[in-house]
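Shown next, in structure tokens, is the structure this report addresses.
Every chain is numbered from 1, with letters handed out A, B, ... down the list of sequences.
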Amino acid sequence: MVRVRFAPSPTGLLHIGNARTALFNWLYAKRYKGSFILRVEDTDVARSEKRYTEQIIEDLRWLGLDWQEGPGVGGDYGPYIQSERLHLYREFSHKLLNDAKAYHCYCTPQELEERRQTARSAGKPPRYDNRCRNLSDEQRNAFEGAGRPSSIRFVVSEEVVAFEDLVRGRCAFDMGLVGDFVIMKSDDTPSFHFAVAVDDALMKITHVIRGEDHLSNTPCHILLFRALGYDPPLFAHISLTMGPDRTLLSKRHGAASVSEYRRLGYLPEALVNYMALLGWCPGDKREKFNIEDAVKKFDVKDISKSASIFDQQKLDWLGSQYLREANLDRLTDLSIPHFKQSGLIQDGFDRAKIKSIVEAVRPGLSRLLQIPDEARFFFEEPTLDKKVTELLSSNTAERILTAMLKKLQQISGLDKSSPYGDKFREIVKDIGVETSLKGKALLMPIRLALTGKERGPELFAIAPILGLEECKKRIENALLILTKK
RNA sequence: GGCCCCAUCGUCUAGCCUGGUCUAGGACAUCAGAUUUUCGAUCUGAGAACUGGGGUUCAAAUCCCCAUGGGGUCACCA
């Protein structure tokens with residue numbers, strides 16, 4: 001039975017890199033019909049915040065990554081929030097203390113920091129020198145008497161620890177090179193290493209799929225598992241995601257969290273598809289695939305070993321693919337909040353109209369937030385700026401618009417479903433014949449007058465949505481500005 | 001700095017394990033053409049890579065070594 005876990009720490013929003021790790025864990029669990037477990041690692045009291053826990057949970061749900069055990073769903077190995085498991089870490093740390101596999105360290109953070117600095121400037125590795133490992137009783141009593149707080153450190157044995165990483169193959173580390181590390185902080189909460197080992201052991205995790213940044217932590221965890229009397233799980237260290245400058249993806253690179261991409265209006269299936277593509281491919285030539293397809297083919301051993309750079313353009317491309325094939329009613333529902341937020345509609349709006357606007361506007365867009373922007377001219381009369389009026393200031397433009405206005409005044413409606421077919425198209429056709437203009441020369445002035453923009457949706461889709469009166473008004477308006485010049 | 005991981009078009013990658021079928025395939029982006037009476041969208045096409053050096057071999061993108069480059073880690077952060 002495969003049991004994998006995603007263990008975010010609620011010290012910030014769900015980062016794209018972490019979300020990808022969660023996705024790979026989720027895919028692996030689904031692929032092998034195992035359990036995906038969510039565990040909240042909130043042992044950093046100073047930086048953890050409840051709102052982040054909530055936000056992370058919301059983001060995972062939005063992405064569609066459901067968990068079989070964890071906050072909100074329970075499970076046999078709970079609690080799944082580390083701050084509710086403190087008694088367990090204390091218990092296990094005392095066990096290690098009794099077995100002489102751990103000891104109290106009285107060094108203060110300031111002392112440790114100073115030593116690290118001097119070591120670093122001397123060109124030496126900034127590791128702990130194990131100085132409290134063999135404290136005499138007198139020394140210990142002196143520290144205790146002075147009321148010095150202590151942390152608990154793990155006795156790291158000098159040996160080479162090797163393991164078979166599922167993506168990297170055999171990895172070996174000389175533990176003689178690493179210092180004894182803290183397992184319980186002086187505030188009696190566990191360090192990351194300890195909490196991870198205890199929880200992964202107790203929760204019977206079979207595969208630890210996590211970022212490559214944990215690769216060199218792994219031997220520490222293996223030693224801990226052994227000291228605690230458990231078999232270590234299998235490890236799979238997946239490559240990291242970088243920004244365009246090849247440094248670790250972070251806020252500096254712009255949007256870096258799932259919430260931000262959500263706010264920008266990417267469809268969750270597009271984001272999931274893109275994250276899966278970062279360091280993994282389904283083996284065939286498809287780039288666009290849904291999560292179920294990914295489940296069928298996914299395996300950690302196929303994950304690329306090298307780091308990958310987050311490519312906004314490719315995400316946008318995928319975003320546009322999903323946007324154009326999304327169910328139109330769903331898309332309409334999803335974009336309505338964005339319309340409201342940009343002040344384009346209020347309660348009591350015409351849903352059918354919004355739907356046709358969304359349909360007209362969606363090709364070429366990659367996310368929901370772009371929809372109201374692209375559709376703004378449907379709601380607000382365009383302000384013809386200097387550039388547009390310049391583009392319009394040819395006498396052919398004036399001829400076209402004058403003819404158009406005249407023809408529009410002679411008809412009673414632009415309705416696409418009128419028995420006369422597409423009136424607007426007919427009118428344009430006639431004007432084309434009359435002026436012997438065609439193509440861009442013919443259509444661009446009309447587009448500019450109607451929308452105020454050089455680019456936008458299909459012109460013949462715009463007019464019927466705008467309606468006859470609005471079209472007349474806008475053309476009149478454009479002519480007014482032109483003749484005034 | 002020590003240790004560890006990694007290295008194919010600008011980017012994501014296929015191929016590497018099990019050398020020959022690779023004059024290295026696909027996708028995004030770029031450029032060009034076509035099409036839509038249209039900017040965009042769409043379609044078609046083009047340019048674009050095995051980091052370098054040594055081996056091993058009849059043969060190396062593929063196996064080995066070194067160099068270089070990138071990244072990670074060495075916290076009472078996770």
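Spacing between atom CD of A:Q321 and atom P of B:A41 amounts to 12 Å, rounded to whole angstrom units. To the nearest angstrom, P of B:C4 lies 11 Å from CG of A:L215. In this structure, CD1 of A:I183 is placed 17 Å from C1' of B:A78, rounded to the nearest angstrom. With rounding to whole Å, A:R116 atom CZ is found 16 Å from B:G2 atom C1'. Atom CG of A:L240 is separated from atom P of B:G71 by 11 Å (rounded to the nearest Å). One atom, CZ of A:F163, and another, P of B:C4, lie 12 Å apart when rounded to the nearest Å. The CG-C1' distance, from A:D316 to B:A41, rounds to 15 Å in whole Å. Between A:D311 atom CG and B:U30 atom P the separation is 11 Å, expressed in whole Å.
Judged by atom type and distance alone, A:K285 does not reach the base of B:A14 through any side-chain donor-acceptor pair under 3.5 Å. Judged by distance alone, with hydrogens and angles left aside, A:E454 brings no side-chain donor or acceptor close enough to the base of B:G40 to form a pair under 3.5 Å. No donor-acceptor contact under 3.5 Å links the side chain of A:R168 to the base of B:C5. Counting atom types as modelled, A:S306 pairs no side-chain N or O with a base atom of B:C6 as donor and acceptor under 3.5 Å.
A distance of about 9 Å separates the P atoms of B:C64 and B:C17, rounded to the whole Å. When the P atom is used for both B:U11 and B:C22, the distance is 25 Å, rounded to whole Å. A distance of about 9 Å separates the P atoms of B:U21 and B:A61, rounded to the whole Å.
Which of B:C39, B:A29, B:A78 sits closest to the side chain of A:T43 comes down to B:A78. Closest to the side chain of A:R47, from the set B:A41, B:C77, B:A14, is B:C77. Distance from the side chain of A:R127 is smallest for B:C74 among the nucleotides B:G71, B:C74, B:A14. Distances were taken from every side-chain heavy atom of A:R324 (C-beta onward) to each of B:U42, B:A78, B:C4; the shortest belongs to B:U42. Taking only side-chain atoms of A:K314, from C-beta outward, the nucleotide of B:C5, B:C12, B:C74 with the closest atom is B:C12. Listed nucleotides B:C39, B:G26, B:U11 differ in distance to A:I309; the shortest reach to its side chain belongs to B:U11. For A:R455, whose side chain is taken as the heavy atoms from C-beta onward, the closest listed nucleotide among B:U42, B:C39, B:G72 is B:C39. Counting only heavy atoms from C-beta on, A:D44 has its side chain closest to B:A78 among B:U37, B:G2, B:A78.
The number of heavy atoms from other shown groups lying within 6.0 Å of CD (A:E158) does not exceed 12.
Among the atoms of the strands shown, only primed sugar atoms or phosphate atoms (P, OP1, OP2) are found under 4.0 Å from some heavy atom of A:V182. Using a 4.0 Å heavy-atom distance criterion, A:A122 is classed as making no nucleic acid contact. Looking at heavy-atom distances under 4.0 Å, A:N217 makes contact with a base. Residue A:Y128 is in sugar-phosphate contact alone, with no base atom involved, counting any heavy-atom pair closer than 4.0 Å across all strands shown. Across all strands shown, A:P457 has heavy atoms under 4.0 Å from base atoms, whether or not it also approaches the sugar-phosphate. Residue contacts shown for A:V428 include a base, since a base heavy atom lies under 4.0 Å away. Counting non-hydrogen atoms under 4.0 angstrom, A:K429 reaches a base of the nucleic acid.
Not one side-chain nitrogen or oxygen of A:R362 sits closer than 4.0 Å to the OP1 or OP2 atom of B:A41. Distances shorter than 4.0 Å separate some side-chain N or O of A:K185 from OP1 or OP2 on B:C77. In this model, the phosphate group of B:U37 is approached by a side-chain N or O of A:R425 to a distance below 4.0 Å at OP1 or OP2. The phosphate of B:A27 has neither OP1 nor OP2 within less than 4.0 Å of any side-chain N or O from A:R286.
Between A:R447 and A:I462, the closest heavy-atom pair is NH1-CD1, 4.1 Å.
Under the 30°/60° scheme for interplanar angles, the aromatic rings of A:Y261 and A:F310 are found to be tilted.
The residue among A:S304 and A:G364 whose nearest nucleotide of RNA chain B is located toward the 5' end is A:S304. RNA chain B is contacted by both A:G439 and A:G279; A:G279 maps to the nucleotide lying nearer its 5′ end (nearest heavy atom per residue).
Judged purely by distance below 3.5 Å, without hydrogens or angles, the side chains of A:D59 and A:Q55 pair a donor atom with an acceptor atom.
Under a cutoff of 6.0 Å and an axis angle of 45°, A:K185 and A:F194 do not form a cation-pi pair. A cation-pi contact, defined as under 6.0 Å to the ring centre and within 45° of the axis, is absent between A:R148 and A:F143.
Base pairing of B:G33 is made with B:C43, judged by Watson-Crick or G-U wobble geometry with both donor-acceptor distances under 3.5 Å. In this structure, B:C28 forms a base pair with B:G10, meeting either the Watson-Crick or the G-U wobble geometry with both donor-acceptor distances under 3.5 Å. Taking a pair to require two hydrogen-bonding distances under 3.5 Å in either a Watson-Crick or a G-U wobble arrangement, B:A67 pairs with B:U51. Of the nucleotides present, none pairs with B:C76 by Watson-Crick or G-U wobble criteria with both distances under 3.5 Å. Using N1 to N3 plus N6-O4 or O6-N4 for Watson-Crick, or N1-O2 and O6-N3 for G-U wobble, each under 3.5 Å, B:C22 pairs with nothing.
Side-chain atoms of A:R20 come within 3.5 Å of backbone atoms of A:L278 as a donor-acceptor pair (strictly under, hydrogens ignored).
The side-chain contact (heavy atoms from CB on, under 4.5 Å) test with A:L365 is passed by exactly one of A:L323, A:V358, A:D373: A:L323.
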